[in-house]
Amino acid sequence: LTLGTDGIVIGATAIDLAADGNRAVLMLHGFGDTPQTLQYLAAYLHGQGWAVRAPLLPGHGRTLHEFAASRSEEWIAFARAELDALRARYDTIAIVGLSMGGALATVLAAESSDVRALALLAPYLSMPTRLQRAASLHRILGVVTPFLRGGGDRSIRDPEEVARNRAYGFLTPRLVFELSRIVARGRAAAPRVRAHTRGTIEAGSPHSTRRRRACICAVRGADSTDDVDRGKWPHHHGRLREAGNLRRGRRVVGNACRA
């Protein structure tokens with residue numbers, strides 16, 4: 001990955017699409033990823049008349065050292081500040097979250113009674129057992145294995161998306177712990193969500209059933225019009241571009257934002 005003069009990986013900068021009107025959507029990307037994973041849905045929503053803001057989370061899209069030094073509280077505080085900035089400019093606000101961004105979006109929606117709609121795309125509201133163990137043992141693992149190999153890039157089948165992928169491919173045990181804190185915050189916040197919510201589940205991983213239950217838990221915590229898309233979501237965000245997945249993402253986000 002090549003850094004630009006601003007210290008950000010080329011192609012990983014924030015998405016900021018202005019629009020006339022009083023509607024805006026905040027889009028939050030996943031753990032170790034960048035706004036690039038949301039650009040197709042961002043373009044779709046912008047075409048529907050929404051102003052779109054997809055910021056780059058702290059530590060992400062920069063050096064691996066900066067990523068390793070970032071913390072979950074920074075990610076949440078940054079997302080809150082982005083939401084506040086949109087509130088100051090627009091009357092109607094929606095939030096879209098992908099993977100860990102779904103957990104962040106759930107936290108923000110639970111705190112904010114004025115969020116009109118919430119769209120959760122394969123929200124990371126639970127962790128597989130092996131990652132839970134790694135999180136609990138992160139101090140010991142950090143001494144033995146400072147960096148862990150990520151596996152998301154291996155699930156991207158589209159050659160163009162492989163080339164466009166801006167994820168690190170590595171993480172640290174401490175970052176696994178920070179991710180677990182976001183997951184816990186998101187699950188605790190889910191029953192307090194009152195925004196009109198739509199969600200879609202992830203497939204292709206051993207803990208997909210757990211993810212399904214977690215997503216439905218979030219949706220049931222909202223109002224009676226909420227639902228979970230019964231179709232499957234890709235194992236990795238990079239596959240969002242593939243035609244069927246993009247259509248599903250548009251449907252879920254569109255249904256939430258039409259509320």
Examine [X] and [Y] and state if one hydrophobic cluster contains both, with Ile, Leu, Val, Met, Phe, Trp and Tyr joined whenever side-chain heavy atoms are less than 4.5 Å apart.
{"X": "F67", "Y": "L179", "value": "yes"}
{"X": "M27", "Y": "L56", "value": "no"}
{"X": "I8", "Y": "L64", "value": "no"}
{"X": "I76", "Y": "L26", "value": "yes"}

Kindly give the heavy-atom pair with the smallest separation between [X] and [Y], and that separation in Å.
{"X": "F78", "Y": "P55", "answer": "CE2-CB, 3.6 Å"}
{"X": "A105", "Y": "L120", "answer": "CB-CD2, 4.4 Å"}
{"X": "A109", "Y": "I95", "answer": "N-CD1, 4.3 Å"}
{"X": "A134", "Y": "V176", "answer": "CB-CG1, 4.2 Å"}
{"X": "L175", "Y": "A68", "answer": "CD1-CA, 3.8 Å"}
{"X": "A51", "Y": "Y90", "answer": "CB-OH, 3.4 Å"}

Measure from the side-chain N and O atoms of [X] to the backbone N and O of [Y], and report whether any donor-acceptor pair falls under 3.5 Å.
{"X": "Q36", "Y": "G11", "answer": "no"}
{"X": "S112", "Y": "V115", "answer": "no"}
{"X": "W75", "Y": "P58", "answer": "yes"}
{"X": "H29", "Y": "L38", "answer": "no"}
{"X": "R192", "Y": "A188", "answer": "yes"}
{"X": "E74", "Y": "R71", "answer": "yes"}
{"X": "H60", "Y": "T34", "answer": "no"}
{"X": "R139", "Y": "S136", "answer": "no"}

### Message
Determine whether L41 and L121 satisfy the following criterion, side chain to side chain contact (heavy atoms under 4.5 Å, CB included), listing intermediate values before the conclusion.
### Response
CA-CA 11 Å; L41 284 179; L121 306 177; 3.4 Å; yes
### Message
Using the side-chain contact (heavy atoms from CB on, under 4.5 Å) definition, which of the options V25, L17, L86 pairs with R53?
### Response
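It is L86, the one option of V25, L17, L86 that forms the side-chain contact (heavy atoms from CB on, under 4.5 Å) with R53.
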#### Entry: T106, L125, V107, I182 screened by side-chain contact (heavy atoms from CB on, under 4.5 Å) with R187, the one that passes
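Exactly one candidate clears the test, L125.
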### Task
Report, as yes or no, whether the 6.0 Å neighbourhood of atom CG on D6 holds more than 12 heavy atoms from other residues, nucleotides or ligands.
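Yes - once you tally the heavy atoms of other residues, nucleotides and ligands closer than 6.0 Å, there are more than 12.
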### Query
Between E66 and T63, does any side-chain donor sit less than 3.5 Å from a side-chain acceptor?
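Their side chains do contain a donor-acceptor pair, which is all the 3.5 Å distance test asks for.
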Hey, does [Y] have a side-chain heavy atom less than 4.5 Å from the side chain of [X]?
{"X": "D84", "Y": "R87", "answer": "yes"}
{"X": "L98", "Y": "Y124", "answer": "no"}
{"X": "L104", "Y": "L57", "answer": "yes"}
{"X": "R80", "Y": "L108", "answer": "yes"}

### Query
Passes side chain to side chain contact (heavy atoms under 4.5 Å, CB included), L118 versus V193? Steps please.
CA-CA 9 Å; L118 173 66; V193 172; 3.9 Å; yes
### Query
Which is it for L28 and V96 under the side chain to side chain contact (heavy atoms under 4.5 Å, CB included) test, yes or no, and what are the steps along the way?
CA-CA 6 Å; L28 300 172; V96 175; over 6 Å; no
### Task
Evaluate side chain to side chain contact (heavy atoms under 4.5 Å, CB included) for R23 paired with I93, printing each intermediate quantity in order.
CA-CA 6 Å; R23 303 185 304 167; I93 303 294; over 6 Å; no
### From R89 atom CZ to N22 atom CG, the distance as rounded to the nearest 0.5 Å
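The CZ atom of R89 sits 12.5 Å away from the CG atom of N22.
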### Query
Could you state the interatomic distance from CZ (R133) to OG (S180), rounded to the nearest 0.5 Å?
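If I round to the nearest 0.5 Å, the distance is 14.5 Å.
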